[in-house]
Amino acid sequence: MKFSIDLPPGFRFRSVVLSHGWADLPPFSFDHRTESLHRPLLMGRRKIIHADFSQKGRSLVVNIPHEKSLETARRRELSDLVRAVFRIDQDMRPFYTAAARHREFAWIRRLGAGRLLRSPSVFEDTVKMICTTNCSWALTKILTRNLCDKLGAGTVARPGTGLRTGKPFPTPAAMASVSEKFYRTKIRAGYRSPYLLELATRVADGDLDIERWRDPGVAPEVIREEIASVKGVGPYAAGNILKLIGRYDELGIDSWCRKQFASIHRRGRPVRDSVIEKHYARFGEWKGLFFWMDLTKEWYEKSYAGIFES
DNA sequence: GCGTCCAGGTCTACC
DNA sequence: GGTAGACCTGGACGC
């Protein structure tokens with residue numbers, strides 16, 4: 001089955017997928033040839049679907065090849081999920097207005113940049129963010145692959161069966177049901193193991209209502225306090241979780257950002273974080289997003305070669 | 001194939 | 001409040 005969701009003017013699917021590394025992390029997978037993003041999803045308690053997302057004109061097309069139809073409630077659930085993942089309802093006008101004041105950021109609006117791809121749940125975004133800390137991107141991919149393969153619902157389809165492979169991201173309950181030893185030996189999470197288990201347990205037990213972090217009605221100080229209470233989440237991870245929930249007033253600096261900033265603005269000379277903070281302070285509530293757009297500009301230059309400067 | 005070194009954020013103990 | 005050391009893995013490198 002297939003259905004479409006109307007997109008706001010200027011929306012560019014490629015720019016959302018390109019926005020950071022999430023499209024490269026299981027259970028997401030991106031097909032560069034067809035420009036479609038794939039992902040297995042757990043619907044309700046047991047139903048697993050394999051969905052492909054792509055853009056056609058002013059519509060986002062959701063294709064579920066092995067399903068003839070979906071119940072109305074499931075389809076609504078999927079539609080809400082898609083809107084959240086691709087930030088379809090995010091009003092970009094205030095950001096684009098701010099970007100228009102700076103010539104070096106004129107490209108942002110033209111390429112529909114600024115919507116950061118996110119997971120269906122805050123829980124998944126937070127787990128993945130912990131998995132990016134203090135390790136290579138290769139290890140982050142291994143950790144998230146292991147989480148899906150070993151704790152995701154369903155079974156992995158055998159090659160040659162014609163069925164889609166890959167399992168959805170595990171639920172908090174599934175992640176809370178295993179031991180710290182499991183995280184160390186099967187997931188290879190190392191010292192992050194107790195952090196992941198504690199987070200999953202708090203969410204599964206209802207002690208931490210992590211999904212409300214995306215609610216714009218929740219006070220910023222409440223969200224910051226709750227984020228700070230998650231073991232394994234320091235300044236870098238917190239800054240990036242805040243960006244994914246739609247609050248952009250923290251930078252979330254890591255070693256790659258330091259190198260990239262130094263390369264762009266200081267001819268490769270190392271700089272202190274305070275210098276980076278000062279550089280983007282003029283962007284106020286949007287400084288985290290301008291910071292990220294500035295550092296990743298070359299990704300867009302490569303991807304949109306030929307039309308970037310037009 | 002094995003051993004060593006390094007990079008990468010966060011936590012905790014200590015000053 | 002600031003700082004040093006521990007945590008753990010995969011990958012690069014030398015032998």
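Order of the sequence lines fixes the chain letters, A, B, ..., with proteins taken first and strands second; residue numbering starts at 1 for each chain.
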Next item on the list: For Ala138(A) and for Gly190(A), locate the closest nucleotide of DNA chain C by heavy-atom distance; then report the residue assigned to the nucleotide nearer the 5' terminus.
Entry: Gly190(A)
Check: Taking only residues two or more places apart in sequence, or in another chain, which ones meet Arg214(A) in a side-chain hydrogen bond (donor to acceptor under 3.5 Å, both in side chains)?
Finding: Asp125(A)
Note to self: Across nucleotides 9-15 of chain B, 5' to 3', mark each nucleotide with B, S or - according to how protein heavy atoms within less than 4.0 Å reach it.
What the structure shows: BSSS---
Note to self: Are there over 12 heavy-atom neighbours, none belonging to Arg45(A), within less than 6.0 Å of that residue's CZ?
What the structure shows: no
Notebook entry, point to check: Under a 4.0 Å N-O cut-off, is there an ion pair linking Glu67(A) with Lys47(A)?
Noted result: yes
Checklist line | For DNA chain B, the residues among residues 267-279 of chain A that have a non-hydrogen atom under 4.0 Å from it | finding: none
Next item on the list: Please state how far atom CG in Leu196(A) lies from atom P in dC8(C), giving the value in whole angstrom units.
Entry: 13 Å
Item checked: Geometric cation-pi criterion, Arg75(A) with Phe3(A): 6.0 Å, 45° -> yes
Item checked: Protein-nucleotide distance (Leu143(A), atom CG; dC8(C), atom P), rounded to Å -> 14 Å
Note to self: Could you tell me how far apart Leu139(A) (CG) and dA12(C) (C1') are, to the nearest whole angstrom?
What the structure shows: 15 Å
Check: In residues 240-247 of chain A, which ones come under 4.0 Å of DNA chain B, going by heavy atoms?
Finding: none
Margin query: Looking at dC8(C), I'd like to know if its phosphate oxygens (OP1 or OP2) sit under 4.0 Å from a side-chain N or O belonging to Arg188(A).
Written below: no
Checklist line | Whole-Å distance separating the CD1 atom of Ile130(A) from the C1' atom of dT9(C) | finding: 16 Å
Margin query: Please list all pairs meeting side-chain hydrogen bond (donor to acceptor under 3.5 Å, both in side chains) that have one or both residues in residues 230-246 of chain A, counting only residues at least two apart or in different chains.
Written below: Thr132(A)-Tyr236(A), Asn240(A)-Lys243(A)
Identify all side-chain donor-acceptor contacts of residues 181-193 of chain A below 3.5 Å with residues at least two apart in sequence or on another chain.
{"from": "Tyr183(A)", "atom 1": "OH", "to": "Met175(A)", "atom 2": "O", "distance (Å)": "2.5"}
{"from": "Arg184(A)", "atom 1": "NE", "to": "Glu180(A)", "atom 2": "OE2", "distance (Å)": "3.2"}
{"from": "Arg184(A)", "atom 1": "NH1", "to": "Gly190(A)", "atom 2": "O", "distance (Å)": "3.4"}
{"from": "Arg184(A)", "atom 1": "NH2", "to": "Glu180(A)", "atom 2": "OE2", "distance (Å)": "3.0"}
{"from": "Thr185(A)", "atom 1": "OG1", "to": "Lys181(A)", "atom 2": "O", "distance (Å)": "2.9"}
{"from": "Tyr191(A)", "atom 1": "OH", "to": "Asn134(A)", "atom 2": "ND2", "distance (Å)": "3.1"}
{"from": "Arg192(A)", "atom 1": "NE", "to": "Thr133(A)", "atom 2": "O", "distance (Å)": "3.2"}
{"from": "Arg192(A)", "atom 1": "NH1", "to": "Ala189(A)", "atom 2": "O", "distance (Å)": "3.1"}
{"from": "Arg192(A)", "atom 1": "NH2", "to": "Thr133(A)", "atom 2": "O", "distance (Å)": "3.1"}
{"from": "Arg192(A)", "atom 1": "NH2", "to": "Asn134(A)", "atom 2": "O", "distance (Å)": "3.1"}
{"from": "Ser193(A)", "atom 1": "OG", "to": "Arg184(A)", "atom 2": "N", "distance (Å)": "3.4"}
{"from": "Ser193(A)", "atom 1": "OG", "to": "Gly190(A)", "atom 2": "O", "distance (Å)": "2.7"}

Next item on the list: Check ring-ring contact (aromatic ring centres under 6.0 Å, His included) between Trp213(A) and all other residues, then give those that pass, not counting sequence neighbours.
Entry: none
Checklist line | Separation of atom CD1 in Ile187(A) from atom P in dG10(C), rounded to whole Å | finding: 12 Å
Item checked: Pairing residues for Tyr96(A) by the ring-ring contact (aromatic ring centres under 6.0 Å, His included) criterion, not counting sequence neighbours -> none
Note to self: Run the side-chain hydrogen bond (donor to acceptor under 3.5 Å, both in side chains) test against Asp207(A) and tell me which residues pass, sequence neighbours left out.
What the structure shows: none
Margin query: Once pairs are restricted to Watson-Crick or G-U wobble with both distances under 3.5 Å, how does DNA chain C read as a dot-bracket string, [ ] for crossings and | for other-strand pairs?
Written below: |||||||||||||||
Can you give the donor-acceptor pairs under 3.5 Å from side chains of residues 273-281 of chain A to other protein atoms, not counting sequence neighbours?
{"from": "Asp273(A)", "atom 1": "OD1", "to": "Arg258(A)", "atom 2": "NE", "distance (Å)": "2.7"}
{"from": "Asp273(A)", "atom 1": "OD2", "to": "Arg258(A)", "atom 2": "NH2", "distance (Å)": "3.1"}
{"from": "Tyr280(A)", "atom 1": "OH", "to": "Asp294(A)", "atom 2": "OD2", "distance (Å)": "2.6"}

Note to self: Less than 3.5 Å apart, any donor N or O on the side chain of Arg14(A) or Ser303(A) sitting next to an acceptor on the other?
What the structure shows: yes
Margin query: Once you apply a heavy-atom cut-off of 4.0 Å, does Lys141(A) come out as touching a base, just sugar-phosphate, or nothing?
Written below: nothing
Note to self: Under the rule for side-chain hydrogen bond (donor to acceptor under 3.5 Å, both in side chains), what residues qualify as partners of Asn146(A), not counting sequence neighbours?
What the structure shows: none
Notebook entry, point to check: When Trp292(A) is tested against each of Tyr248(A), Trp256(A), Phe105(A), Phe283(A) for ring-ring contact (aromatic ring centres under 6.0 Å, His included), which residue passes?
Noted result: Trp256(A)
